S.K.: 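Next up is a structure, given as structure tokens.
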Amino acid sequence: MAVPKRKMSRSNTRARRSQWKTTAANLTSCPSCKADKLAHTACPSCGAYNGRQYAEALRTVNEL
Ligand SMILES: [Zn+2]
């Protein structure tokens with residue numbers, strides 16, 4: 001059976017795929033409607049992004 005030739009570094013041990021964890025998404029509040037939204041995306045409830053309105057977000061809201 002194959003045996004590792006060298007000791008694995010602490011860095012490589014800690015970077016092993018089994019140590020990969022997910023982190024919670026960063027939520028910010030919309031400046032126009034104060035709802036929670038993902039950073040750097042249009043607001044899902046009002047469609048505002050950087051002072052503009054986005055029709056696709058508005059259509060999604062109208063379907064609900
Ligand atoms: Zn909003």
Side-chain angles (χ1 to χ4, degrees):
M1 191 181 146
V3 171
K5 201 166 200 172
R6 306 285 299 185
K7 177 181 179 175
M8 200 178 183
S9 71
R10 181 181 284 183
S11 171
N12 279 339
T13 300
R14 290 179 178 171
R16 200 190 315 272
R17 187 169 186 153
S18 63
Q19 304 297 334
W20 294 6
K21 303 293 191 301
T22 56
T23 55
N26 285 324
L27 289 179
T28 57
S29 59
C30 176
S32 57
C33 74
K34 312 296 182 210
D36 284 340
K37 71 174 196 68
L38 286 173
H40 313 291
T41 57
C43 175
S45 58
C46 72
Y49 185 73
N50 204 13
R52 297 178 295 243
Q53 289 294 121
Y54 284 87
E56 195 161 340
L58 292 173
R59 200 182 322 123
T60 308
V61 170
N62 290 339
E63 286 166 2
L64 296 173

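Keep in mind that the numbers below use all heavy atoms, side chains included, and drop hydrogens, waters and symmetry copies. This one's a predicted model, so the numbers in the text were calculated from it and none came from an experiment. First listed ligand is number 1; within each ligand, the first listed atom is number 1.
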S.K.: Rounded to the nearest 0.5 Å, what separates atom NZ in Lys34 from atom SG in Cys46?
M.R.: 10.0 Å
S.K.: Mind listing the closest non-hydrogen atom pair of Met8 and Arg16 along with its distance?
M.R.: SD-NH1, 3.9 Å
S.K.: Measure the shortest side-chain to side-chain distance between Cys43 and Ser32 over non-hydrogen atoms and say whether it is less than 4.5 angstrom.
M.R.: no
S.K.: Ignoring waters, how many protein N/O/S atoms are under 2.8 Å from the Zn ion (ligand 1)?
M.R.: 4
S.K.: Are the side chains of Leu38 and Asn26 in contact, using a 4.5 Å heavy-atom criterion?
M.R.: no
S.K.: Answer yes or no: are there more than 12 heavy-atom neighbours, outside Lys21 itself, under 6.0 Å from its atom NZ?
M.R.: yes
S.K.: Report the distance from atom OG1 of Thr28 to atom NE2 of His40, rounding to the nearest 0.5 Å.
M.R.: 8.0 Å
